[in-house]
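Inspection log for the structure reproduced underneath, given as structure tokens.
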Amino acid sequence: MRNRFVVLSLVLGIVLMVWDGSESRLGAHPLVDDTPRIAVISAYAPEQVILSSRMENKKSTEINGIEFTTGTLAGKKIVLFLSGISTVNAAMSTQVAINHWNISKIIFSGIAGGVDPSLEIGDVVVPDKWGQYLELYLARDLGNGEWETDPLFVYPYPNFGMMHPRSVDVRREGIDGIETRFWFHTDEELLKIAASAVEGIKLNNCTEENVCLSGQPNIIIGGPGVSGSAFVDNEEFRKYTFETFGARVLDMESAHVAHVAYANSTPFLAVRSLSDLAGGGSGSNEIGIFYALAAENAARVVQAIIGILP
């Protein structure tokens with residue numbers, strides 16, 4: 001009898017181990033804590049350091065090699081983390097945060113390249129929608145300026161040579177089947193709050209090395225932004241990006257975080273300050289000179305927005 005009991009106990013233990021492992025593999029994600037928090041994301045360490053230095057009651061947790069810092073910023077409970085520079089890194093780290101924290105909103109703070117000719121370095125833009133402009137079909141060249149594409153995809157915008165922008169497929173709870181879309185919209189309520197929060201904010205116009213801009217930077221609410229896995233420093237492609245998508249800024253993360261936020265029904269907003277003109281300047285790319293100034297300007301706007309969130 002005792003032997004049977006031992007055997008049954010061992011079998012039960014193995015079954016529980018297998019069940020637990022299967023549950024983990026199938027997507028069980030225990031919350032680190034269930035406190036509602038705003039996810040605040042930066043791609044580049046100098047952007048994150050600014051916000052981290054202004055947090056209180058900080059506590060760090062590492063998941064999948066990503067350091068998440070919880071605490072308060074402008075009186076609100078947040079979880080701050082670095083996505084890393086990359087479309088994939090941004091999407092992956094955002095989903096990890098959603099899986100392990102009770103995320104009420106997502107706000108991205110960082111630098112970007114300016115493509116709207118009316119904007120200058122140091123300006124801060126809060127776009128009302130984001131598109132993945134480098135989701136492409138590289139078309140077959142038929143000669144004489146003609147290209148052959150596959151009808152499998154949707155092409156909502158004109159091409160740049162062989163590069164044909166296409167929409168992406170999205171799966172989301174509550175939607176039957178697959179949705180095809182190009183734009184992922186900023187949360188309307190967050191955009192309204194941003195418009196109120198930025199009144200009276202004065203942005204930096206000089207670096208710590210006392211390199212100053214020719215004018216005072218401005219804050220622009222609305223207009224499109226685009227993201228893709230390329231650092232752009234090309235005047236011709238910059239012009240195409242503005243004329244084709246109406247984009248004000250381009251970066252390498254925001255649209256992909258917006259995609260993840262949309263798939264998880266989580267309100268999203270991105271704040272981007274211009275560190276360079278993506279090839280539109282008269283000399284070499286300006287990011288090496290102005291990234292710290294731009295990061296500080298973006299952080300000021302993000303902190304102001306978080307401060308008046310309900």
Side-chain angles (χ1 to χ4, degrees), residues 29-85 89-90 93-112 122 124 126 186-187 189-204 207-208 217 219 221 253-254 257 260-261 264 266-273 275 291-310:
H29 300 289
L31 292 178
V32 174
D33 66 58
D34 60 3
T35 303
R37 296 183 186 277
I38 303 163
V40 180
I41 313 172
S42 291
Y44 186 40
E47 301 164 340
Q48 184 198 38
V49 167
I50 296 169
L51 291 167
S52 179
S53 69
R54 297 170 188 174
M55 288 179 65
E56 297 178 344
N57 307 313
K58 294 191 291 185
K59 179 182 177 182
S60 293
T61 303
E62 185 175 305
I63 300 175
N64 284 16
I66 305 167
E67 183 179 15
F68 295 89
T69 303
T70 56
T72 57
L73 178 68
K76 305 300 190 303
K77 293 179 180 179
I78 74 165
V79 54
L80 173 72
F81 60 97
L82 197 64
S83 70
I85 300 170
N89 283 340
S93 60
T94 302
Q95 189 62 58
V96 171
I98 290 171
N99 288 346
H100 291 284
W101 274 272
N102 182 5
I103 302 299
S104 61
K105 303 170 185 64
I106 298 172
I107 298 179
F108 208 110
S109 175
I111 62 176
V124 174
V126 185
T186 297
D187 180 75
E189 187 61 30
L190 284 178
L191 203 64
K192 290 177 183 176
I193 290 170
S196 297
V198 301
E199 293 180 10
I201 293 180
K202 185 176 181 180
L203 301 176
N204 274 0
T207 69
E208 290 184 357
I219 302 171
I221 306 293
E253 298 85 23
S254 295
V257 175
V260 174
N264 287 274
T266 305
F268 169 79
L269 177 103
V271 176
R272 292 288 189 167
S273 181
S275 60
Y291 74 83
L293 180 150
E296 168 63 30
N297 283 349
R300 285 188 187 184
V301 173
V302 166
Q303 189 169 358
I305 293 169
I306 291 174
I308 70 167
L309 285 174

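Keep in mind that what you see is a predicted model, and the values were worked out from it rather than measured.
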- I would like to know whether Ile41 and Phe108 meet side chain to side chain contact (heavy atoms under 4.5 Å, CB included); could you show each step before the answer? CA-CA 5 Å; Ile41 313 172; Phe108 208 110; 3.5 Å; yes

Review point. Under 30°, 30 to 60°, or over 60°: which ring-plane class applies to Phe81 and Phe68, parallel, tilted or perpendicular?
Key: tilted

Looking only at heavy atoms, which two atoms of [X] and [Y] are closest? And how far apart?
| X | Y | answer |
| --- | --- | --- |
| Pro217 | Gly122 | CB-O, 3.3 Å |
| Ile221 | Ala195 | CG1-CA, 4.1 Å |
| Ile106 | Ala261 | CD1-CB, 3.9 Å |
| Ala270 | Ser254 | CB-OG, 3.7 Å |
| Arg37 | Ile78 | NH1-O, 3.4 Å |

If we only count heavy atoms from C-beta on, is the [X] to [Y] side-chain gap below 4.5 Å?
| X | Y | answer |
| --- | --- | --- |
| Asn264 | Gln95 | yes |
| Leu309 | Leu190 | yes |
| Trp101 | Ile63 | yes |
| Ser83 | Val257 | no |
| Lys77 | Thr72 | yes |
| Leu269 | Val126 | yes |
| Leu73 | Leu51 | yes |
| Pro267 | Glu189 | no |

N/O donor-acceptor pair under 3.5 Å between [X] side chain and [Y] backbone:
| X | Y | answer |
| --- | --- | --- |
| Ser42 | Ser109 | yes |
| Lys76 | Gly307 | yes |
| Ser52 | Gln48 | no |
| Asn297 | Asn204 | yes |
| Glu47 | Ile111 | yes |

**Report entry** Verdict with reasoning, Glu253 to Ile85, per side chain to side chain contact (heavy atoms under 4.5 Å, CB included)
**Finding:** CA-CA 7 Å; Glu253 298 85 23; Ile85 300 170; 3.6 Å; yes

Tell me if the NZ atom of Lys58 is crowded by more than 12 foreign heavy atoms within 6.0 Å. yes

Check your understanding: Does CD belonging to Glu62 count more than 12 external heavy atoms closer than 6.0 Å?
Key -> yes

Check: How far apart are the C-alpha atoms of Asp187 and Lys105, what are their side-chain angles, what is the distance that settles it, and do they pass the side chain to side chain contact (heavy atoms under 4.5 Å, CB included) test?
Finding: CA-CA 9 Å; Asp187 180 75; Lys105 303 170 185 64; over 6 Å; no

**Study point:** Verdict with supporting geometry, Thr70 and Thr61, side chain to side chain contact (heavy atoms under 4.5 Å, CB included)
**Key:** CA-CA 8 Å; Thr70 56; Thr61 303; 5.6 Å; no

